[in-house]
Amino acid sequence: MIPRDGILRIARPTDSLKTIAKMYCEGLGFEQLGEFNDHLGFYGVLIGHPQHYYHLEFTHHAGTVVGKAPTQDNLLVFYLPDTSQWQQQCGQMVAGGFIEVVSYNPYWDNTGKTFEDADGYRVVLAHRDWTI
């Protein structure tokens with residue numbers, strides 16, 4: 001069993017490492033927590049909030065092209081129930097370079113807004129609480 005204070009890292013490749021890291025830092029207010037260069041041909045940036053139990057890792061393998069997201073339903077979802085925080089975060093996403101898009105799954109358009117990054121991966125800002 002994974003302990004409750006374990007860290008979740010979500011990692012994915014990109015052809016635009018610096019662009020993507022900048023978008024997520026500016027759009028979601030994340031910080032760069034670390035990076036690595038030429039680790040057996042891999043380059044990476046880790047971003048998030050130091051006090052949170054999750055962070056994102058974007059990687060690039062030299063000489064490899066990964067292309068765009070495989071589907072329009074590759075999502076990260078953040079639940080923001082406070083209206084002013086949600087509105088501010090939506091504006092920050094656009095200012096960070098994300099493009100607001102119609103969601104592939106209409107549920108997300110009824111719940112919040114969907115934004116697409118330069119690689120075609122999407123982030124949903126759900127304007128509600130999350131409950132099981």
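Just so it is clear, the structure is predicted and the values come from calculations on it, not from any experiment. Side chains included, hydrogens not; waters and symmetry mates left out as well; all remaining heavy atoms used.
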Go through the structure and list residues passing side-chain hydrogen bond (donor to acceptor under 3.5 Å, both in side chains) with [X], not counting sequence neighbours.
X: Y107; answer: R128
X: H61; answer: T64
X: N74; answer: T71

Are any of the side-chain heavy atoms of Y24 and D117 separated by less than 4.5 Å?
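Contact flag for Y24/D117 side chains = yes.
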Look at the side-chain heavy atoms of Ile, Leu, Val, Met, Phe, Trp and Tyr, link any pair under 4.5 Å apart, and say whether [X] and [Y] land in one connected group.
X: Y43; Y: I47; answer: yes
X: V66; Y: I10; answer: no
X: V124; Y: F115; answer: no
X: V123; Y: V45; answer: yes

Test question: given the 4.5 Å side-chain rule for I, L, V, M, F, W and Y, name all other residues clustered with Y53, or answer none.
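Same cluster as Y53: I7.
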Check side chain to side chain contact (heavy atoms under 4.5 Å, CB included) between P50 and all other residues, then give those that pass, not counting sequence neighbours.
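Here the qualifying residues are E31, L33.
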Which pairs would a plain distance check flag for residues 78-103, meaning a side-chain donor or acceptor within less than 3.5 Å of a matching protein atom at least two apart in sequence or in another chain?
residue, atom, partner, partner atom, Å
D82, OD2, S84, N, 3.3
D82, OD2, S84, OG, 2.8
D82, OD2, Q85, N, 2.8
T83, OG1, H127, NE2, 3.0
W86, NE1, L125, O, 2.9
Q89, NE2, G27, O, 2.7
Q92, NE2, E26, O, 3.0
S103, OG, N105, N, 3.4
S103, OG, N105, O, 3.0

Between CZ on residue F58 and OG1 on residue T14, distance to nearest 0.5 Å
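Taking CZ in F58 and OG1 in T14, the distance rounds to 7.5 Å.
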In residues 34-41, what donor-acceptor pairs under 3.5 Å come from side-chain atoms, sequence neighbours left out?
residue, atom, partner, partner atom, Å
D38, OD1, G41, N, 3.2

So that I know where these two stand, are F42 and H60 an aromatic pair - ring centroids less than 6.0 Å apart?
no
State which residues pass ring-ring contact (aromatic ring centres under 6.0 Å, His included) with Y104; sequence neighbours excluded, sorted by chain then number.
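With sequence neighbours excluded, Y104 shows a ring-ring contact (aromatic ring centres under 6.0 Å, His included) to no residue whatsoever.
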Does Y121 have any ring-ring contact (aromatic ring centres under 6.0 Å, His included) partners at least two apart in sequence or in another chain, and if so, which?
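ring-ring contact (aromatic ring centres under 6.0 Å, His included) check on Y121 returns nothing, list empty.
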Quick one: salt bridge (charged side-chain N to carboxylate O under 4.0 Å, His left out) pairs with a partner in [range], sequence neighbours left out?
range: residues 54-66; result: R9-E57
range: residues 118-127; result: R12-D119, E116-R122
range: residues 89-98; result: none

Step-by-step side-chain contact (heavy atoms from CB on, under 4.5 Å) determination, L76 to L56:
CA-CA 10 Å; L76 290 176; L56 304 177; 3.9 Å; yes
Pair V77, W130 - check side-chain contact (heavy atoms from CB on, under 4.5 Å), show working.
CA-CA 10 Å; V77 180; W130 182 83; over 6 Å; no
